[in-house]
Amino acid sequence: IPGYLLYQPETSDIDRAMRSCMQSDPPAPAEQEPPANVLVVDDDEAIRGLVSKYLQHHGHRVEALPDGAGVARSLEQPFDVVLLEVSLPGEDGLKLLDRITETRPELAVVMLTALNSAENIVDAMRRGAFDYLSKPIDMQRLAIVVRNAAQQTRLRLESDGLRAAMMRDDGGPDLIC
């Protein structure tokens with residue numbers, strides 16, 4: 001990137017950043033939310049590890065993948081949130097977003113990227129992304145976004161269940177008066 005110094009963090013830098021993140025608590029939710037089941041898909045091992053450890057430290061259950069190859073199989077499990085890198089090797093993250101929103105429309109997908117263009121953000125949101133986080137990731141914002149995304153997924157599932165319970169076999173509403 002012209003004008004920017006590309007920096008590859010040393011392991012000690014990652015450890016130092018991790019300790020710093022662990023010392024700061026995420027903002028407290030209004031009510032105690034259950035831990036989220038989070039799928040992290042990012043080809044950058046350092047980011048994948050940092051995000052996974054941070055979320056696990058704060059009580060969430062995390063599965064991490066380096067690319068989109070195992071996503072379909074992983075999504076057979078009940079995830080609440082997917083953190084998905086836009087630029088993945090093999091399959092483009094936006095195409096993967098399309099597949100996820102087709103097969104699991106209730107699932108909140110948060111896009112991750114170092115490419116901060118308005119066009120990318122708008123495209124991801126139009127395709128159904130819940131939110132968009134820029135790298136380097138602000139861990140407090142990550143905590144808030146994961147909490148809100150998990151809450152949205154749970155509300156969508158609850159809404160779908162209530163809608164199904166209200167419908168009779170003939171497709172008409174089964175209202176209680």
Asker: Where is the tightest heavy-atom contact between Asp80 and Ala36, given as atom of each residue plus distance?
Answerer: OD2-CA, 3.4 Å

Asker: For a 4.5 angstrom cut-off between non-hydrogen side-chain atoms, does Leu83 reach Asp42?
Answerer: no

Asker: Does a side-chain heavy-atom distance below 4.5 Å link Val82 with Val71?
Answerer: no

Asker: Which atom names give the shortest non-hydrogen contact between Ala149 and Val110, and what distance separates them?
Answerer: CB-CG2, 4.3 Å

Asker: Residues two or more places apart in sequence or in another chain: which of them pass side-chain contact (heavy atoms from CB on, under 4.5 Å) with Glu102?
Answerer: none

Asker: Roughly how far apart are Thr101 OG1 and Leu96 CG, rounded to 0.5 Å?
Answerer: 9.5 Å

Asker: Sequence neighbours left out, what pairs pass salt bridge (charged side-chain N to carboxylate O under 4.0 Å, His left out) with at least one residue falling in residues 106-127?
Answerer: Asp98-Arg127, Arg104-Glu106, Asp123-Arg127

Asker: Please indicate whether Lys95 has more than 12 foreign heavy atoms, meaning atoms of other residues, nucleotides or ligands, lying under 6.0 Å from its NZ.
Answerer: no

Asker: Which atom pair, heavy atoms only, marks the closest approach of Leu97 to Gly128?
Answerer: CD1-C, 4.5 Å

Asker: Could you name each residue pair satisfying side-chain hydrogen bond (donor to acceptor under 3.5 Å, both in side chains) that touches residues 63-73, not counting sequence neighbours?
Answerer: Glu63-Ser74

Asker: To the nearest 0.5 Å, how far apart are NE2 in His57 and NZ in Lys53?
Answerer: 12.5 Å

Asker: Identify the heavy atoms of Arg48 and Leu65 that sit nearest to each other, and give their distance.
Answerer: CD-O, 3.4 Å

Asker: Under a single-linkage definition using a 4.5 Å side-chain heavy-atom cutoff for Ile, Leu, Val, Met, Phe, Trp and Tyr, are Ile47 and Tyr54 assigned to the same hydrophobic cluster?
Answerer: yes

Asker: Would you say Glu85's side chain and Ser87's backbone share a donor-acceptor pair under 3.5 angstrom?
Answerer: yes

Asker: Partners of Arg61 by side-chain contact (heavy atoms from CB on, under 4.5 Å), sequence neighbours excluded?
Answerer: Pro35, Asn37

Asker: Taking only residues two or more places apart in sequence, or in another chain, which ones meet Ile121 in a side-chain contact (heavy atoms from CB on, under 4.5 Å)?
Answerer: Met125, Tyr132

Asker: Indicate, with yes or no, if Ile100 and Val81 share a hydrophobic cluster defined by side-chain heavy-atom contacts under 4.5 Å among Ile, Leu, Val, Met, Phe, Trp and Tyr.
Answerer: no

Asker: Once you round to the nearest 0.5 Å, how far does CD1 of Ile144 lie from CG of Asp131?
Answerer: 10.5 Å

Asker: Return the CG to CZ distance between Asn148 and Phe130, rounded to the nearest 0.5 Å.
Answerer: 5.0 Å

Asker: How long is the span from the CG atom in Leu133 to the CG atom in Leu84, to the nearest 0.5 Å?
Answerer: 11.5 Å

Asker: Considering non-hydrogen atoms only, spot the tightest contact between Met111 and Leu94 and give its length.
Answerer: CE-CD2, 4.1 Å

Asker: Restricting to non-hydrogen atoms, name the atom on Leu55 and the atom on Val146 that form the minimum distance, rounded to 0.1 Å.
Answerer: CD2-CG2, 4.1 Å

Asker: Is there a path of hydrophobic side-chain contacts, each under 4.5 Å between heavy atoms of I, L, V, M, F, W or Y residues, that connects Val40 with Leu107?
Answerer: no

Asker: If the condition is salt bridge (Lys or Arg N to Asp or Glu O under 4.0 Å), which residues does Glu45 pass it with, not counting sequence neighbours?
Answerer: none

Asker: Taking Val41 as the starting point, is it possible to reach Ile137 by hopping between hydrophobic residues whose side chains are less than 4.5 Å apart?
Answerer: no

